[in-house]
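Basis for what follows: all heavy atoms, side chains included, without hydrogens, waters or symmetry-related copies. Sequence lines set the chain letters: A, B, ... in the order given, protein chains first and strands last, and positions in each chain run from 1. Everything numeric in this text was worked out from a predicted model, so none of it was measured.
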Number of protein chains: 2
Amino acid sequence: MPSVQAGPEIERLIQLLSKLPGLGPRSARRAALALLKKREQLLEPLGTAMRDAAAAIKTCEVCGNLDTSSPCSLCNDPRRDAHVLCVVEDVADLWALERASVFRGKYHVLGGALSALDGITPEKLNMAPLIARVRDGVEEVILAMNATVEGQTTAHYLMDALAASTVKVTRLAHGVPVGGELDYLDEGTLSHAFKARRSL
Amino acid sequence: MPSVQAGPEIERLIQLLSKLPGLGPRSARRAALALLKKREQLLEPLGTAMRDAAAAIKTCEVCGNLDTSSPCSLCNDPRRDAHVLCVVEDVADLWALERASVFRGKYHVLGGALSALDGITPEKLNMAPLIARVRDGVEEVILAMNATVEGQTTAHYLMDALAASTVKVTRLAHGVPVGGELDYLDEGTLSHAFKARRSL
């Protein structure tokens, strides 16, 4: 049953919008309507922005980041320390770390995490180029995977894969997030925070 | 400060996506990334769907609905009763009523509700054509405004404007929504539901 009475063009727009993360069928309808009501201010500029982005954005052949150039601007930046490599699952994680401005080395984007359930094997991730990069003078690899089962499986796999080399492998600290209330934290986080407590 | 490190094309895409209802800055980033990662399956089809919709969709000159033709398919449908007119604030409300399949007459979309705060005066709404349509053989006008202050103000204004004509003016019933729990309902709704109680 069509959800609206306004022709296949709107149906198709709603259907595609509902595939975006964060938009369900109902909010995709609202978004489509907002687009159609603001044609000059929103629908046409967004269409143009999508075409521009599709034409301009490439996947960096070195690290897997998305940028207008390949190698990307982070790989090309001579001020960034090429001896430290931060491995992340996704470009979104790279963006999050860049927003926090905590890291001045280079990145490596895996493009996902190992998952037997979803059939994500090491071959499907950007892993072999990572091993090759590590051989090329890297001193430290920071495994910045998500603290999920898949992320930690991936981190363990990489730790094993890198064990043969002399590179130092580290991971992000677990603990109480800033602003977090103990009452709402899970046992795993509290246990990590306790074990890794620091003297003041 | 730019939120990502990947060129103005992505910034612009995120900025425009964040203007959609239901998407904030953070979810717009996630959506942009999803689009860029699924270029063939999502980004390009969505751009095409937007161009198609922008080219095909018109505002119906009779009722204010959005459709590929003007007059729209609802206005053109001879099976719909032209003697009953359902007045709604927005195209989304028309879609909602059509999904419920409760109404087989014609619609009139105001394009908003009266709001002194937002400067929405009767002249800014699709009201004068409604009065003209009512003169043209309509027997009943159903005021299906939202149950908000603005919606009810608009309904009162229309009731006054239509008082001079002989048309029957009705409004939707207020009451307990299906699936609603009394404990969570406001006093206004409960009061309406009580006063309009029906014998079994």
Closest approach of [X] to [Y] (non-hydrogen atoms, all atoms of both residues):
X       : Y        : result
A:Gln15 : A:Ser18  : O-OG, 2.8 Å
B:Ser27 : B:Gly24  : OG-N, 2.9 Å
B:Cys86 : B:Ala144 : SG-CB, 3.7 Å
A:Arg80 : A:Lys106 : O-CE, 3.6 Å

Q) Do A:Leu66 and A:Val62 belong together in a cluster built from hydrophobic side chains that touch within less than 4.5 Å? A) no
Contacting moiety of [X], where chain A heavy atoms sit under 4.5 Å:
X       : answer
B:Ala56 : side chain
B:Arg51 : side chain
B:Leu13 : both

Q. Using a cut-off of under 4.5 Å for heavy-atom pairs, which of B:Leu46, B:Leu20, B:Asp52 has the most such pairs with chain A?
A.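 Most heavy-atom pairs within the cutoff with chain A belong to B:Leu46.
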(Q) Please rank B:Thr59, B:Leu17, B:Leu43 by heavy-atom pairs under 4.5 Å with chain A and give me the top one. (A)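 The answer is B:Leu43.
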Q. Partners of A:Asp77 by salt bridge (Lys or Arg N to Asp or Glu O under 4.0 Å), sequence neighbours excluded?
A.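 Residues passing salt bridge (Lys or Arg N to Asp or Glu O under 4.0 Å) with A:Asp77: A:Arg79.
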Q | Partner residues of B:Lys19 under the salt bridge (Lys or Arg N to Asp or Glu O under 4.0 Å) criterion, sequence neighbours left out | A |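 Testing B:Lys19 for salt bridge (Lys or Arg N to Asp or Glu O under 4.0 Å), a comparison that skips the adjacent residues, returns none.
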Leading residue by heavy atom contact count with chain B [cutoff under 4.5 Å; candidates [options]]:
options                            : value
A:Leu35, A:Thr48, A:Leu36, A:Val91 : A:Leu36
A:Ala54, A:Pro45, A:Pro21, A:Gly22 : A:Pro21
A:Lys38, A:Lys37, A:Glu44          : A:Lys37

(Q) Are there residues of residues 178-190 of chain B whose heavy atoms fall under 4.5 Å of chain A's heavy atoms? If so, which? (A)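 Residues qualifying by a heavy atom under 4.5 Å from chain A are absent, so none.
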Q. With ILVMFWY side chains joined below 4.5 Å, transitively, what does A:Leu158's cluster contain besides itself?
A. A:Leu85, A:Val87, A:Leu110, A:Leu114, A:Ile120, A:Leu125, A:Met127, A:Leu130, A:Ile131, A:Val134, A:Val138, A:Val141, A:Leu143, A:Met145, A:Tyr157, A:Met159, A:Leu162, A:Val167, A:Val169
Q) Is there a donor in the side chain of A:Ser115 and an acceptor in the side chain of A:Glu150, or the other way round, less than 3.5 Å apart? A) no
Q | Exercise: do B:Glu140 and B:Thr170 side chains pair donor with acceptor under 3.5 Å | A |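 Short answer, yes.
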